[in-house]
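Before any comments, here is the structure.
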Amino acid sequence: MRLLVTGGAGFIGANFVHATVRERPEVRVTVLDSLTYAGSRESLTPVEDDVRLVQADITDTDVVDALVSEADAVVHFAAETHVDNALADPEPFVRSNVLGTFTVLEAVRRNGIRLHHVSTDEVYGDLALDDPSRFTEATPYNPSSPYSSTKAAADMLVRAWVRSYRVAATISNCSNNYGPYQHVEKFIPRQITNVLTGRRPKLYGAGANVRDWIHVDDHNRAVWRILLDGQAGRTYLIGADGERDNLSVLRSILRLMGRSPDDFDHVIDRAGHDLRYAIDSSLLREELGWRPEHTDFEAGLRDTIDWYRDNESWWRPLKDAVEARYAERER
Ligand code: NAD
Ligand code: DAU
């Protein structure tokens, strides 16, 4: 199989490429990534001999069309992904997430290629903290942020291209990922690298907001299951029953790193901050037999902390600029 992976130099995409090279040597991988601030050539260094990296933008019709015409399938990860950045400047989110997905869809339509579109649980909006329900494939879209609204728009384009043009596409909406190679702007790596650089971790508001954590390798195994055996036109929710509030996640990081439980600062809350995400992944489990393997969150967190300790050269060059941006926001 010749596989085109958009956004393969980002967090989830790079882990996807690593796992594919490791576990599926018969697959020939091409990565299409414009290497924005969030993409890193270094994330692909361990597989550089096995993967072709094309640095280009997913809104570039000619490049996308040429690469899609050489592929048997496309897995589309590329997107602007950070909610705080979207609040500060939504324009790149509309461009990459909406126009970029449109460009990929048109190339896939012209070339008759299978597409898997990677999306987020944030398209469903949020749940109350005491609501017993979880998101399912039937939950109405209700995005809250500039980020999630552009991902929702992209999902809608995919659905329309399936119905109107019979494009063979699947969609997955996953909860919050953690693991190696995640940008230090995101919650877990930010707090780990704050401790490692002598800064105090920063919690938005009271830290009561709940996220449904999943290890990135479990997400990517689900993407492979859907790519191989998912039904075209279907949406699958991916989640590992990992609901935790932000304060408890932060306290776990502090404990695992030998710090006192109160060694952090409360900072100004995120505008429109979604309260809680929770995924019911029964369809994926029942139809495709997927199960998460990383069911011990604390063990996964310990491995992630070790990865950031052991790979300072990967994140250190990014850290000061990210914290300078946050300092503006948190002033
Ligand atoms: P990331 O920000 O770490 O990586 C995104 C990658 O896309 C980067 O390598 C970047 O250079 C590339 N990119 C961005 N705009 C591009 C453009 N216009 N052209 C070409 N490349 C471009 O993101 P991530 O966390 O790895 O997320 C990957 C996908 O998974 C996204 O679609 C995101 O919405 C989705 N997702 C993420 C999570 C999560 O918890 N991180 C959960 C569910 C879904
Ligand atoms: O749910 C899936 C989504 O998860 C993905 O679609 C997004 O691309 C990904 O970024 C992530 O979005 P979140 O907004 O949930 O993740 P983030 O890491 O930014 O924040 C997680 C929680 O932690 C959130 O409630 C905000 C809070 N937070 C975040 C930062 C950066 C803090 O309390 N302090 C922080 O410093």
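Below, each value reflects all heavy atoms present in this structure, side chains not excepted, and no hydrogens, waters or symmetry copies. In each ligand, atom 1 is the first atom listed, and ligand 1 is the first ligand listed. Each residue takes its place number in the sequence, starting with 1. Please read these numbers as outputs of a predicted model, since none were measured by experiment.
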- Can you list, by chain and residue number, every protein residue with a non-hydrogen atom closer than 4.0 Å to ligand 1?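 Contacts of ligand 1 under 4.0 Å: Gly7, Ala9, Gly10, Phe11, Ile12, Asp33, Ser34, Leu35, Thr36, Ala38, Gly39, Ala56, Asp57, Ile58, Phe77, Ala78, Ala79, Thr81, Ser96, Val118, Ser119, Thr120, Tyr147, Lys151, Cys174, Ser175, Asn176, Asn177.
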
Protein heavy atom at shortest distance from [atom]:
atom	result
atom 20 (O) of ligand 2	Phe187 CB, 3.7 Å
atom 10 (O) of ligand 2	Lys186 CE, 3.0 Å
atom 8 (O) of ligand 2	Thr81 O, 2.9 Å
atom 3 (C) of ligand 2	Glu122 OE2, 3.0 Å
atom 19 (O) of ligand 2	Arg270 NH2, 2.8 Å
atom 22 (C) of ligand 2	Asn246 ND2, 3.5 Å
atom 33 (O) of ligand 2	Tyr204 N, 2.8 Å
atom 11 (C) of ligand 2	Asn176 ND2, 3.4 Å

Could you say whether the N/O atoms of [X] and ligand 2 ever approach to under 3.5 Å?
X	result
Tyr147	yes
Ser175	no
Glu330	no
Tyr326	no
Trp213	no
Glu185	no
Tyr277	no
Asp84	no

- Item | ligand 2 contacted by His273 (non-hydrogen, < 4.0 Å) | yes

- Query: Should the pair Trp307 and Tyr181 be assigned to parallel (<30°), tilted (30 to 60°) or perpendicular (>60°) ring geometry?
  - Reply: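 Rings of Trp307 and Tyr181: tilted, 30 to 60°.
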
- Considering residues at least two apart in sequence or located in another chain, which fulfil the salt bridge (Lys or Arg N to Asp or Glu O under 4.0 Å) criterion with Arg110? Asp65

- Taking only residues two or more places apart in sequence or in another chain, which ones pass salt bridge (Lys or Arg N to Asp or Glu O under 4.0 Å) with Arg255? Glu298

May I ask you to decide whether [X] forms a salt bridge with [Y], counting only side-chain N to carboxylate O separations under 4.0 Å?
X	Y	value
Arg325	Glu328	no
Asp72	Arg2	yes
Asp50	Arg22	no
Arg190	Glu330	yes

- Picking from Ile171, Thr235, Leu237, Thr101, what satisfies side chain to side chain contact (heavy atoms under 4.5 Å, CB included) with Ser119?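 Option passing the side chain to side chain contact (heavy atoms under 4.5 Å, CB included) with Ser119: Ile171.
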
- Task: Output the distance between atom CZ (Phe135) and atom CG (Asp126), rounded to the nearest 0.5 Å.
- Result: 6.5 Å

Using a 4.0 Å cutoff against the non-hydrogen atoms of [X], which atoms of ligand 2 qualify?
X	answer
Asp121	1 (O), 2 (C)
Thr120	1 (O), 2 (C), 3 (C), 5 (C), 6 (O)
Arg190	35 (C), 36 (O)

- Query: Is it true that atom CZ of Arg225 has more than 12 heavy atoms of other residues, nucleotides or ligands lying nearer than 6.0 Å?
  - Reply: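 Buried by this count: over 12 neighbours within 6.0 Å.
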
- Query: Under 6.0 Å between the ring centres of Phe187 and Tyr204?
  - Reply: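 When the ring centroids of Phe187 and Tyr204 are compared, they turn out to be at least 6.0 Å apart.
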
- Are His266 and Phe264 an aromatic pair by the rule of ring centers under 6.0 Å? yes

- For residues Thr150 and Asn97, is any side-chain donor paired with an opposing acceptor at under 3.5 Å?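 Present: a donor and an acceptor within the cut-off.
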
- Identified side-chain hydrogen bond (donor to acceptor under 3.5 Å, both in side chains) counterpart of Tyr236 within the set Glu287, Glu137, Gln231: Glu287

- Using a 4.0 Å heavy-atom cut-off, say whether Leu203 meets ligand 2 through its side chain, its backbone, both or neither.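 It is both backbone and side chain that touch ligand 2.
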
- Polar side-chain atom of Asp296 near backbone of His294 as donor-acceptor pair, under 3.5 Å: no

- Item | Partner residues of Tyr326 under the ring pair (Phe, Tyr, Trp, His ring centres under 6.0 Å) criterion, sequence neighbours left out | none

